[in-house]
Amino acid sequence: MAAPLIEVIDHLVSGIVDHPDDVAVRSKQTRGGELFEVRVNPDDLGKVIGRQGRTATAIRKVAGAIAGSGGARIDFVDVDRRS
């Protein structure tokens, strides 16, 4: 289920940022389940999060609806952050 969800998240995020080429989505398996890490240009991080986190919440809801009962955990980070 990860591949189609990665494409959906990438499409949603790329549509709202100024630097869509810097958007990268990857899936990581954690103890709490699958985590989708979305990396964006530092200048676009505010756009992806939105006012009071509304945009990030909306992206999480759409991804969660597609993922089904398991839901989807999404972490938004800038491309300069190392992990």
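Just so you know, these numbers come straight off a predicted model, no measurement behind them. The figures that follow rest on heavy atoms only: side chains count, while hydrogens, waters and symmetry mates do not.
- Here Lys47 pairs with Asp18 in a salt bridge; the nearest charged N to carboxylate O distance falls below 4.0 Å.
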Step by step, would you call Phe76 with Val40 a side chain to side chain contact (heavy atoms under 4.5 Å, CB included)? CA-CA 8 Å; Phe76 297 98; Val40 297; 5.6 Å; no
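- Atom CD of Gln29 has more than 12 neighbouring heavy atoms from other residues, nucleotides or ligands inside a 6.0 Å radius.
- Expressed to the nearest 0.5 Å, how far NE2 of His11 lies from CD1 of Ile16 amounts to 11.0 Å.
- Atom CZ of Arg73 sits about 10.0 Å away from atom CD of Glu34, to the nearest 0.5 Å.
- When every heavy atom of Ala72 is checked against every heavy atom of Leu5, the shortest pair comes out as CB-CD2, 4.0 Å.
- Proximity of a side-chain donor or acceptor of Arg60 to a complementary backbone N or O of Ile74 within less than 3.5 Å is detected.
- Put simply, the side chain of Ile9 does not reach to within 4.5 Å of the side chain of Leu12, judged on heavy atoms.
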Phe36/Asp75 under side chain to side chain contact (heavy atoms under 4.5 Å, CB included): CA gap, chis, key distance, verdict: CA-CA 6 Å; Phe36 294 91; Asp75 185 20; over 6 Å; no
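- Annotation: side chain of His19 is in contact with side chain of Asp43 (closest heavy-atom distance under 4.5 Å).
- Hydrophobic clustering (side-chain heavy atoms under 4.5 Å, transitive across Ile, Leu, Val, Met, Phe, Trp, Tyr) keeps Ile66 apart from Leu35.
- The nearest pair of heavy atoms linking Asp78 to Pro42 is CB-CA, 3.7 Å.
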Evaluate the criterion side chain to side chain contact (heavy atoms under 4.5 Å, CB included) for residue pair Val17 and Val23; output intermediate values, then yes/no. CA-CA 8 Å; Val17 297; Val23 175; 3.8 Å; yes
Mind running side chain to side chain contact (heavy atoms under 4.5 Å, CB included) on Val13 and Ile59 for me, showing each step along the way? CA-CA 8 Å; Val13 174; Ile59 293 169; 4.0 Å; yes
